[in-house]
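Here is the naming used below: chain letters follow the sequence lines, and residue numbers restart at 1 for every chain.
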Amino acid sequence: MYRQIADDLRLKIEFGELGSGSQLPTELELRDRYDASRNTVRDAVKWLITRGLVETRPGQGTFVVEKVAPYITRLTGDPGAGRDDEGSVYLVEATTTQHAPTSTVPRVEIQQASGDIQYELQLPDGSTVVSRRQRRFIDGTPWSLQTSFYPMNLVEQGALKLIQAPNIEEGTVAYLGTKLGVRQVGYRDKITVRPPEENETAFFKLPDDGRVPVFEVLRTAYDERRQPFRLTVSVYPTDRNQFAVEVGDVPEEAIGPGDLGAIDVDAVGR
Amino acid sequence: MPEPMYRQIAEDLRQRIESGELPQGSQLPTELELRDRYEASRNTVRDAVKWLMNLGLVETRPGQGTFVVEKVDPFVTALDLATGLSGESEAYASVVSALGRTAEDSVPRIEIQQADGVIAAELDLPEGSTVVSRHQQRRIDGTAYSLQTTFYPMRLVEQGAVRLIQAEHIRRGAVRYLEEKLGIKQVGWRDRITVRAPDANEAAFFRLPEDGRIPVFETFRIGYEESGTPLRLTITTYPADRNEFVMNVGKVPAGITVPPESSQEDPDSRKPAATGPDAGNAHQGQVRA
């Protein structure tokens with residue numbers, strides 16, 4: 001019973017009937033409306049609190065949590081390489097205001113490839129990879145954690161900037177193109193959802209009980225020989241992020257690189 | 001930043017689960033063994049186990065103990081699928097069977113309703129316009145994998161696409177049917193992917209834990225006609241414990257999710273020939289009217 005009440009209230013919140021920031025009906029009103037006992041109504045409200053939909057303000061009552069407009073990241077881009085389009089992710093704001101993301105200087109590490117990294121980059125056991133990790137913010141809000149992995153042999157072939165900490169200004173794809181002639185011709189994204197790890201909980205300031213999951217997006221980029229040369233793992237909290245994919249002809253809308261801040265992930269020191 | 005003791009224990013156990021040292025379905029060491037091993041108090045060990053339960057990694061079976069949760073074999077949905085195939089649903093069925101698995105879709109449940117705010121806005125219709133919805137439950141090898149609902153503007157039925165309001169599968173997909181019947185062609189689509197807690201219907205259908213700790217993906221797919229007018233809206237929910245998404249852009253090597261007919265080699269073939277949220281696409285419980 002309490003779940004039905006909770007679901008009904010959740011729908012009212014999601015469709016705006018109970019607006020963001022507005023006060024929830026009192027316990028008495030809810031008991032009346034749903035013809036339910038005090039305990040049932042309390043359980044329903046407790047469930048909404050756990051889901052982060054409402055919050056109790058001491059001495060004032062229960063209110064619908066004010067939601068931040070979600071960041072929408074476009075996963076489809078131009079497969080042909082180039083700093084401004086290829087392999088880039090476009091961030092689209094629901095509002096027309098332009099929000100420029102900022103990133104920390106990459107933290108560069110050299111490590112042995114294992115698990116997903118080894119699998120996606122198709123490397124033999126014991127191969128070494130360079131990782132470049134960044135924290136990314138929008139208007140000061142933690143937005144994503146992003147780590148790109150490159151096979152060490154790219155460095156050995158002369159792409160020394162990969163192991164230097166400063167951002168690679170022209171973008172790594174353009175850099176690898178001019179330096180080594182490696183051209184990106186396509187990429188594959190894999191999208192999963194999982195509970196956050198501890199460092200992610202801390203960075204994104206997520207509730208401690210792990211109830212807000214994170215998206216994990218694995219992007220593998222391929223060169224002309226269809227060989228993977230880069231894996232980017234990005235983690236985004238699900239409470240403030242959505243993704244968009246476009247296939248074929250779709251009308252320009254809020255979701256389009258044109259009028260909005262196009263973020264070339266490759267340009268930001270990956 | 002010192003981590004509380006129980007979190008350190010939970011993290012250690014989590015790594016042992018993920019590395020396979022504690023395999024899926026195996027019993028966790030008892031409370032006493034854990035206290036011994038980590039030199040921790042009973043409460044600390046309990047908090048650690050509770051934390052792992054929150055993360056969905058272990059579960060308690062009454063009278064038996066605590067066990068590592070067995071993962072359902074994940075299904076990978078390709079968002080860019082439908083190339084060279086007649087539609088999404090046929091593409092979906094062909095991928096499932098290529099994997100040696102069996103897809104079963106329920107007979108669509110048809111509803112006619114007034115479009116509320118969200119659906120009206122997505123379909124670019126005035127609020128209160130009539131829409132047809134086709135709901136469908138989708139299972140793979142008997143396990144519930146997704147719930148799907150597709151909404152169509154009523155005008156399509158008025159123009160002659162009467163099969164949209166018949167409670168049976170539309171062979172080769174609704175989008176292809178619309179093209180053949182009305183000459184209305186879908187030329188592209190846009191997906192939006194979100195995550196939220198499951199509602200009561202979804203929790204029951206997917207057999208998710210009561211506390212809502214396993215979220216669902218909710219995808220909104222809008223298909224467009226040549227004029228740029230939205231043709232349909234498909235809302236699909238997928239529990240996150242058994243679903244993943246993949247998307248290919250440009251030239252990438254063939255992957256397991258790519259059906260043999262569909263050429264990922266040629267980006268131009270990626271145009272959505274006809275993408276049918278066929279036979280209904282249902283999404284039970286997503287009653288948004």
Side-chain angles (χ1 to χ4, degrees), chain A residues 3-4 6-7 10-11 14-16 47 50-53 70 72 75-80 86-87 184-195 197-198 202 208-215 220-222 224 226-228 238-239 241-253 255, chain B residues 1 3 7 11 14 51 54-57 74 76 79-80 82 116-118 186-197 199-201 203 210-215 217 221-222 224 226 228-230 240-241 243-253 255 264 267 270-272 275 287-288:
Chain A
R3 280 297 297 273
Q4 288 169 21
D7 276 332
R10 180 180 68 83
L11 286 173
E14 281 176 6
F15 291 110
W47 192 88
T50 321
R51 304 264 72 78
L53 291 168
I72 302 174
L75 295 174
T76 25
D78 184 341
E86 133 99 24
Q184 178 175 315
V185 297
Y187 58 85
R188 172 176 294 152
D189 284 343
K190 286 185 186 166
I191 307 161
T192 56
V193 162
R194 59 166 174 76
E197 287 171 10
E198 285 183 39
D208 207 31
D209 57 8
R211 69 166 183 262
V212 174
V214 292
F215 285 107
T220 310
Y222 297 90
E224 279 168 312
R226 310 279 158 90
Q227 290 298 306
T238 57
D239 63 352
N241 284 287
Q242 301 183 357
F243 294 97
V245 171
E246 292 174 1
V247 175
D249 291 335
V250 293
E252 287 262 337
E253 225 187 46
I255 297 172
Chain B
M1 186 176 62
E3 281 296 335
R7 291 289 293 270
E11 196 53 32
R14 170 153 119 150
W51 177 259
N54 270 336
L55 295 184
L57 291 171
V76 181
L79 294 170
D80 55 337
D116 68 16
V118 174
Q186 174 177 287
V187 297
W189 72 70
R190 174 180 289 139
D191 283 338
R192 199 152 44 83
I193 305 161
T194 64
V195 165
R196 60 166 172 78
D199 66 26
N201 274 312
E210 260 284 299
D211 59 8
R213 72 178 126 81
I214 295 181
F217 285 102
R221 171 167 292 184
I222 305 172
Y224 294 94
E226 260 161 335
T229 308
D241 63 350
N243 284 284
E244 300 178 12
F245 294 92
V246 67
M247 196 196 45
N248 298 299
V249 174
K251 298 178 183 176
V252 301
Q264 294 297 337
R270 286 181 57 249
K271 62 176 172 271
T275 261
V287 192
R288 309 197 152 211

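Closest of all the heavy-atom pairs between Arg3(A) and Asp199(B) is NH2-C, 3.6 Å. Closest non-hydrogen pair, Asp7(A) versus Ala200(B), comes out as OD2-N, 2.5 Å. Taking all atoms of both residues into account, the shortest heavy-atom contact from Val247(A) to Leu79(B) is CG2-O, 4.3 Å.
Interatomic distance, Tyr187(A) OH to Asn248(B) CG, rounded to the nearest 0.5 Å: 10.0 Å. Distance check: Glu244(B) CD to Thr192(A) OG1 gives 6.0 Å after rounding to the nearest 0.5 Å.
Top candidate by heavy-atom pairs under 4.5 Å with chain B, chosen from Gln4(A), Glu197(A), Arg194(A), is Glu197(A). Considering only heavy-atom pairs separated by less than 4.5 Å from chain B, the leading option among Glu224(A), Gln227(A), Glu198(A), Lys190(A) is Glu198(A).
Every residue two or more places apart in sequence or in another chain that forms a side-chain contact (heavy atoms from CB on, under 4.5 Å) with Asp241(B) is listed here: Leu208(B), Ile214(B), Pro239(B). The side chain to side chain donor-acceptor pair (under 3.5 Å) check on Gln242(A) picks up Arg192(B), with sequence neighbours excluded.
Pro215(B) is listed as a side-chain neighbour of Val193(A), based on a closest heavy-atom distance under 4.5 Å. A heavy-atom distance below 4.5 Å is found between the side chains of Ile193(B) and Phe215(A).
Proximity to chain A involves both the backbone and the side chain of Arg7(B), based on heavy atoms less than 4.5 angstrom apart.
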